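To keep things clear, I will list the structure first and then write my remarks on it.
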Amino acid sequence: TRSTRPQRMLKAVQKKATKGDPESVISAIDYFCKHSEWAMNVGDEKGSILDSVVTEVNPSTVLELGTYCGYSTVRIARLLSPGTKFITLEFNPANVTIARQIIAYAGLQDKVTVVEGSSGDLIPQMKERFGITTFDFIFLDHWKDRYLPDIKLFEECGLLRKGSVLLADNVICPGAPEYLEYVRNSPRYESRYYPAHLEYTKVEDGLEKSVFLE
Ligand SMILES: CCNc1ncnc2c1ncn2[C@@H]1O[C@H](/C=C/CNC(=O)c2cc(-c3ccc(F)cc3)cc(O)c2O)[C@@H](O)[C@H]1O
Ligand SMILES: [Mg+2]
């Protein structure tokens with residue numbers, strides 16, 4: 001049967017990138033998306049903003065929602081200090097399989113744990129299953145209508161501390177209007193919008209960075 005886009009993306013990485021070299025894995029995926037098939041990775045332009053926020057926060061605990069093929073997982077993991085706890089959640093088992101191979105090809109398999117399951121089920125398990133008290137940095141890039149319910153779940157589960165940074169992809173395209181309204185109007189967050197473009201296109205999109213205040 002016909003291969004899937006994530007499978008073709010993995011093949012492109014194995015063909016074009018150098019094993020153990022995260023930069024070449026990132027470049028191979030961006031090349032694939034620009035010249036072969038568009039895919040919903042955060043991409044190079046927004047990826048550079050992601051890089052700068054991760055570097056600025058220098059987190060000890062990181063959570064990513066929506067691993068997909070592991071592109072942003074590789075971008076984040078390559079910047080983390082040794083000993084950082086990085087968890088990424090993905091509920092599609094086929095995507096888990098591809099992401100684990102792409103992350104391993106980059107040589108970053110020891111930096112991140114890919115957990116199969118839904119954020120709604122797994123967020124409440126973070127403390128007991130993974131020994132997390134709070135997250136210093138959270139990257140939201142899963143179903144856009146789940147950003148708001150999941151940020152509320154973080155609050156309910158006591159997984160945020162003063163200064164925790166949440167960075168959300170696609171707040172313009174496809175858009176996460178309820179999430180934006182919440183973080184921009186809640187007194188508990190300080191929010192800032194980073195304008196950019198939808199990955200590999202000229203369509204407007206951007207990232208919203210929200211700092212938890214108490
Ligand atoms: C049920 C919610 N919880 C979840 N828990 C764990 N993993 C989840 C969850 N939701 C979705 N996922 C996974 O995250 C990934 C989904 C991401 C959704 N992203 C988008 O829809 C998206 C879509 C676009 C886009 C933009 C313009 C278009 F014309 C077409 C697509 C661009 C992006 O950057 C995107 O991130 C999948 O791998 C899915 O299996
Ligand atoms: Mg996205």
Side-chain angles (χ1 to χ4, degrees), residues 3-10 13 26 29-30 32-34 36-51 53-54 62-76 86-103 112-126 129-130 132 135 137-154 156-157 159 166-180 182 193-210:
S3 64
T4 66
R5 183 166 304 179
Q7 284 170 330
R8 295 192 291 273
M9 190 186 298
L10 170 61
V13 165
I26 292 164
I29 293 172
D30 286 332
F32 174 81
C33 293
K34 285 172 187 169
S36 300
E37 304 180 55
W38 187 92
M40 61 182 180
N41 312 118
V42 73
D44 47 352
E45 184 191 18
K46 289 186 289 179
S48 298
I49 299 167
L50 169 62
D51 290 357
V53 174
V54 170
V62 180
L63 179 67
E64 174 182 61
L65 304 181
T67 316
Y68 185 43
C69 296
Y71 174 88
S72 50
T73 319
V74 167
R75 288 201 79 111
I76 295 167
F86 180 15
I87 296 165
T88 182
L89 310 182
E90 172 54 57
F91 72 15
N92 179 324
N95 292 350
V96 169
T97 301
I98 298 297
R100 283 186 174 140
Q101 293 176 78
I102 287 178
I103 292 160
V112 58
T113 307
V114 183
V115 182
E116 182 179 329
S118 171
S119 54
D121 300 333
L122 292 168
I123 288 169
Q125 297 178 11
M126 283 297 128
R129 252 180 88 175
F130 303 99
I132 297 284
F135 284 108
F137 180 75
I138 298 171
F139 182 54
L140 298 93
D141 196 19
H142 58 328
W143 293 159
K144 308 315 160 194
D145 62 358
R146 299 291 307 182
Y147 285 15
L148 183 55
D150 284 350
I151 192 171
K152 289 183 173 174
L153 201 47
F154 290 126
E156 285 157 29
C157 297
L159 285 165
L166 296 99
L167 189 66
D169 189 25
N170 311 116
V171 293
I172 304 301
C173 177
E178 301 88 358
Y179 174 83
L180 273 191
Y182 180 74
Y193 176 63
Y194 292 78
H197 298 88
L198 176 67
E199 50 268 26
Y200 318 115
T201 78
K202 293 184 169 50
V203 173
E204 186 189 346
D205 189 23
L207 301 165
E208 186 83 0
K209 178 182 143 188
S210 305

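Each residue takes its place number in the sequence, starting with 1. Just follow the structure's listing: the first ligand is 1, and inside any ligand the first atom is 1. Since the structure is predicted, the reported quantities are computational estimates derived from the model, not experimental observations.
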I'd like to know whether Y194 forms a side-chain contact (heavy atoms from CB on, under 4.5 Å) with K46, so could you lay out the CA-CA distance, the side-chain angles of the two residues, the decisive distance to 0.1 Å, and finally the verdict. CA-CA 9 Å; Y194 292 78; K46 289 186 289 179; over 6 Å; no

Which residue and atom name correspond to the protein heavy atom nearest atom 15 (C) of ligand 1, and how close is it? E90 OE1, 4.0 Å

When only distance counts, is D141 in polar contact with ligand 1, meaning an N/O pair under 3.5 Å? yes

Please determine if E199 has a nitrogen or oxygen closer than 3.5 Å to a nitrogen or oxygen of ligand 1. yes

Within the structure provided, determine whether D51 and R75 are in side-chain contact (heavy-atom separation under 4.5 Å). yes

Which atoms from ligand 1 have a heavy atom of C173 less than 4.0 Å away? 27 (C)

For atom 22 (C) of ligand 1, which candidate among H142, K144, R146, E64 provides the closest heavy atom? K144

Please examine the side chains of V96 and T67, heavy atoms only from C-beta on, and report whether any two atoms are closer than 4.5 Å. no

Output the atom name for the N/O/S atom of D141 with the smallest distance to the Mg ion (ligand 2). OD1

Measure from the ring center of H142 to the ring center of Y147 and say whether it is less than 6.0 Å. yes

Can you list the ligand 1 atoms lying under 4.0 Å from a non-hydrogen atom of S118? 1 (C), 3 (N), 5 (N)

Please state which option from C69, G70, S119, G43 has its nearest heavy atom closest to atom 3 (N) of ligand 1. S119

If we set the cut-off at 4.0 Å for heavy atoms, which region of W38 has an atom near ligand 1: side chain, backbone, both, or neither? side chain

CZ of F139 to CG of L63, rounded to nearest 0.5 Å, is 11.5 Å

May I ask you to identify the nearest protein heavy atom to atom 35 (C) of ligand 1, giving residue, atom name and distance to one decimal place in Å? N170 OD1, 3.2 Å

Under-4.0 Å heavy-atom contact between protein and atom 38 (O) of ligand 1: yes

Check whether any side-chain heavy atom of I87 sits under 4.5 Å from a side-chain heavy atom of I132, and report yes or no. yes

Could you tell me the residue and atom name of the protein heavy atom closest to atom 23 (C) of ligand 1, and the distance to it rounded to 0.1 Å? P174 CG, 3.6 Å

When you compare ligand 1 with D169, is there at least one nitrogen or oxygen pair between them that comes in under 3.5 angstrom? yes

Does any N or O of ligand 1 fall below 3.5 Å from an N or O anywhere on K46, backbone included? no

Please determine if the Mg ion (ligand 2) has an N/O/S atom from D169 lying under 2.8 Å away. yes

Between the main-chain N or O of E199 and the side-chain N or O of W38, is there a donor-acceptor pair closer than 3.5 Å? yes

Heavy-atom side-chain proximity of N170 to M40 below 4.5 angstrom: no

Can you sort out which atoms of ligand 1 are near N92, meaning under 4.0 Å from one of its heavy atoms? 40 (O)

When you measure from the Mg ion (ligand 2) to the N, O or S atoms of S72, does any of those distances fall below 2.8 Å? no

Pick whichever of F91, W143, Y200, Y147 has a heavy atom sitting closest to atom 16 (C) of ligand 1. W143

Side-chain contact, heavy-atom cut-off 4.5 Å: I172 with Y193? yes

Within ligand 1, which atoms have a heavy atom of G66 less than 4.0 Å away? 14 (O)

Would a 4.0 Å cut-off, counted as strictly less than, catch a protein heavy atom around atom 28 (C) of ligand 1? no

Would you call F91 and S119 a side-chain contact if the rule is heavy atoms closer than 4.5 Å? no

So V74 and I103, side-chain contact (heavy atoms from CB on, under 4.5 Å) or not? Walk me through it. CA-CA 6 Å; V74 167; I103 292 160; 4.2 Å; yes

Which of the atoms of ligand 1 are close to Y68, meaning less than 4.0 Å from one of its heavy atoms? 38 (O)

Just jot down the ligand 1 atoms closer than 4.0 angstrom to any heavy atom of G117, in number order. 5 (N), 6 (C)

Ignoring hydrogens and geometry, is there a side-chain-to-backbone donor-acceptor pair from Y200 to A39 under 3.5 Å? no

Under-4.0 Å heavy-atom contact with ligand 1, by part of L198 that carries it: side chain

Taking side chain as C-beta onward, heavy atoms only, is E156 less than 4.5 Å from I123? no

Taking the side chain as every heavy atom from C-beta outward, state whether L10 and C69 have any atom pair closer than 4.5 Å. no

